[in-house]
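Only one structure is covered here, and it is reproduced in the block below.
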Amino acid sequence: MTYTIKQVADKTGLSIYTLRFYDKQGLLPFVARNQSGYRTFTEGDLHLLHTITCLKNTGMTIADIRQYIGYVMQGPTSVPQRQRLLHAHREAILARLALIQDNLKEIDFKLNIYDAPNATDLVAQEQAAAQAEKVANGLPNPYLAANIPTS
């Protein structure tokens, strides 16, 4: 079965513009054109497009995706190069994931304070401690209402 670019856009959620952009960036060399010159996608093309979308969604650059697709086009002899590229990308994702998890802990910590029944008191105590620290160090108090932006 084959698909038009519009059908592929509908199936994948990618816009026709994005699919054309990917093609111009050299990410779709596997997509054939019919006798009229229109891109014609196959099921196998959709699988590769799914991989491209996964790599893009996880932060891989267009240049690295192009390199990966180049390896795919070379066939099975490029498996070691594909492994190296994907292992490096996986490590980068894991590093970003760890950073996100650390940041999520801070957000959860703050939400636990704000969700507490005595949230107003806890925040007031936290602000009083911060103000006292500024005063103790001879610094101006940035917590005065006149210094806080309203928008």
Side-chain angles (χ1 to χ4, degrees), residues 1-124 126-127 129-130 134 140 142-151:
M1 176 159 202
T2 61
Y3 304 97
T4 65
I5 196 168
K6 181 177 180 347
Q7 290 170 318
V8 171
D10 291 342
K11 286 178 89 55
T12 63
L14 297 171
S15 69
I16 292 172
Y17 171 83
T18 298
L19 291 165
R20 288 182 178 143
F21 173 77
Y22 284 176
D23 194 20
K24 287 178 184 164
Q25 293 298 309
L27 304 184
L28 307 180
F30 49 85
V31 176
R33 293 189 180 251
N34 65 18
Q35 295 162 340
S36 301
Y38 294 112
R39 293 170 190 88
T40 303
F41 295 79
T42 63
E43 287 294 328
D45 296 341
L46 294 180
H47 293 296
L48 277 172
L49 196 53
H50 177 76
T51 300
I52 289 169
T53 301
C54 168
L55 297 174
K56 183 71 177 124
N57 288 344
T58 55
M60 185 178 274
T61 65
I62 294 289
D64 284 346
I65 296 171
R66 186 182 311 110
Q67 182 66 66
Y68 175 79
I69 293 300
Y71 292 147
V72 169
M73 299 304 290
Q74 290 175 19
T77 59
S78 66
V79 166
Q81 293 93 331
R82 295 184 215 188
Q83 286 175 309
R84 280 193 295 279
L85 185 62
L86 292 180
H87 277 297
H89 184 60
R90 185 177 192 282
E91 290 304 313
I93 292 169
L94 288 173
R96 282 197 326 270
L97 184 57
L99 181 62
I100 289 170
Q101 287 174 332
D102 284 346
N103 290 324
L104 184 59
K105 287 178 190 174
E106 176 65 15
I107 291 168
D108 287 341
F109 173 77
K110 290 297 185 184
L111 281 173
N112 284 334
I113 291 171
Y114 302 148
D115 290 341
N118 61 338
T120 304
D121 293 336
L122 293 172
V123 171
E126 190 177 64
Q127 187 175 21
K134 298 291 182 188
Y143 294 97
L144 296 175
N147 295 336
I148 298 175
T150 57
S151 55

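Along the sequence shown, the residues carry numbers beginning at 1.
Applying the side-chain hydrogen bond (donor to acceptor under 3.5 Å, both in side chains) rule to Thr18 yields the partners Ser15; only residues at least two apart in sequence or on another chain are considered. Scored by the side chain to side chain contact (heavy atoms under 4.5 Å, CB included) test, Ile62 finds Phe21, Tyr22, Gln25, Leu27, Lys56, Arg66 as partners (sequence neighbours excluded). In this structure Thr42 satisfies the side-chain hydrogen bond (donor to acceptor under 3.5 Å, both in side chains) test together with Asp45, sequence neighbours excluded. For Tyr68, the side-chain hydrogen bond (donor to acceptor under 3.5 Å, both in side chains) test picks out no residue, with sequence neighbours left out.
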Using a 3.5 Å cut-off and no angle test, enumerate the donor-acceptor pairs between side-chain atoms of residues 99-119 and protein atoms at least two apart in sequence or in another chain.
residue	atom	partner	partner atom	Å
Asn103	ND2	Leu99	O	3.2
Lys110	NZ	Glu126	OE2	3.2
Asn112	ND2	Asp108	O	3.3

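Separation of atoms CG (Leu48) and CD (Glu43) is listed at 12.0 Å; rounding is to 0.5 Å. Lys24 contributes atom NZ, which lies 12.0 Å from atom CG of Leu19 (distance to the nearest 0.5 angstrom).
Taking the side chain as every heavy atom from C-beta outward, Tyr3 and Leu46 approach each other to under 4.5 Å. Taking 4.5 Å as the limit, every side-chain heavy atom of Pro140 sits out of range of all side-chain heavy atoms of Lys134. Within the 4.5 Å cutoff, the side chain of Asp64 has no heavy atoms near those of the His89 side chain. Inter-residue side-chain proximity for Ile52 and Leu28 is flagged as met; some heavy-atom pair is nearer than 4.5 Å. Side chains of His50 and Thr12 form no contact here, defined as non-hydrogen atoms less than 4.5 Å apart. Val8 places a side-chain heavy atom less than 4.5 Å from the side chain of Leu49. Looking at Val72 and Phe30, their side chains never come closer than 4.5 Å, going by heavy atoms from C-beta outward.
Considering all non-hydrogen atoms of both residues, Leu86 and Met60 come closest at CD2-CE, 4.4 Å.
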**OP:** Show your reasoning for whether side-chain contact (heavy atoms from CB on, under 4.5 Å) applies to Tyr38 and Ile5.
**Re:** CA-CA 8 Å; Tyr38 294 112; Ile5 196 168; over 6 Å; no
Subject >> Val31 and Asp23: CA distance, side-chain angles, deciding distance, side-chain contact (heavy atoms from CB on, under 4.5 Å) verdict >> reply: CA-CA 9 Å; Val31 176; Asp23 194 20; 5.6 Å; no
**OP:** With side-chain contact (heavy atoms from CB on, under 4.5 Å) as the test, would you mind laying out the steps for Lys6 and Ile16 before giving the verdict?
**Re:** CA-CA 6 Å; Lys6 181 177 180 347; Ile16 292 172; 4.2 Å; yes
Original post:
Given the rule in the side-chain contact (heavy atoms from CB on, under 4.5 Å) test, do Thr4 and Gln7 qualify, once you have shown the distances and angles that lead to the verdict?
Top reply: CA-CA 5 Å; Thr4 65; Gln7 290 170 318; 3.3 Å; yes
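For Arg96, the CZ atom counts as densely surrounded, since its 6.0 Å shell holds more than 12 non-hydrogen atoms of other residues, nucleotides or ligands.
Applying the side chain to side chain donor-acceptor pair (under 3.5 Å) rule to pairs touching residues 74-87 yields Ser78-Arg82, sequence neighbours excluded.
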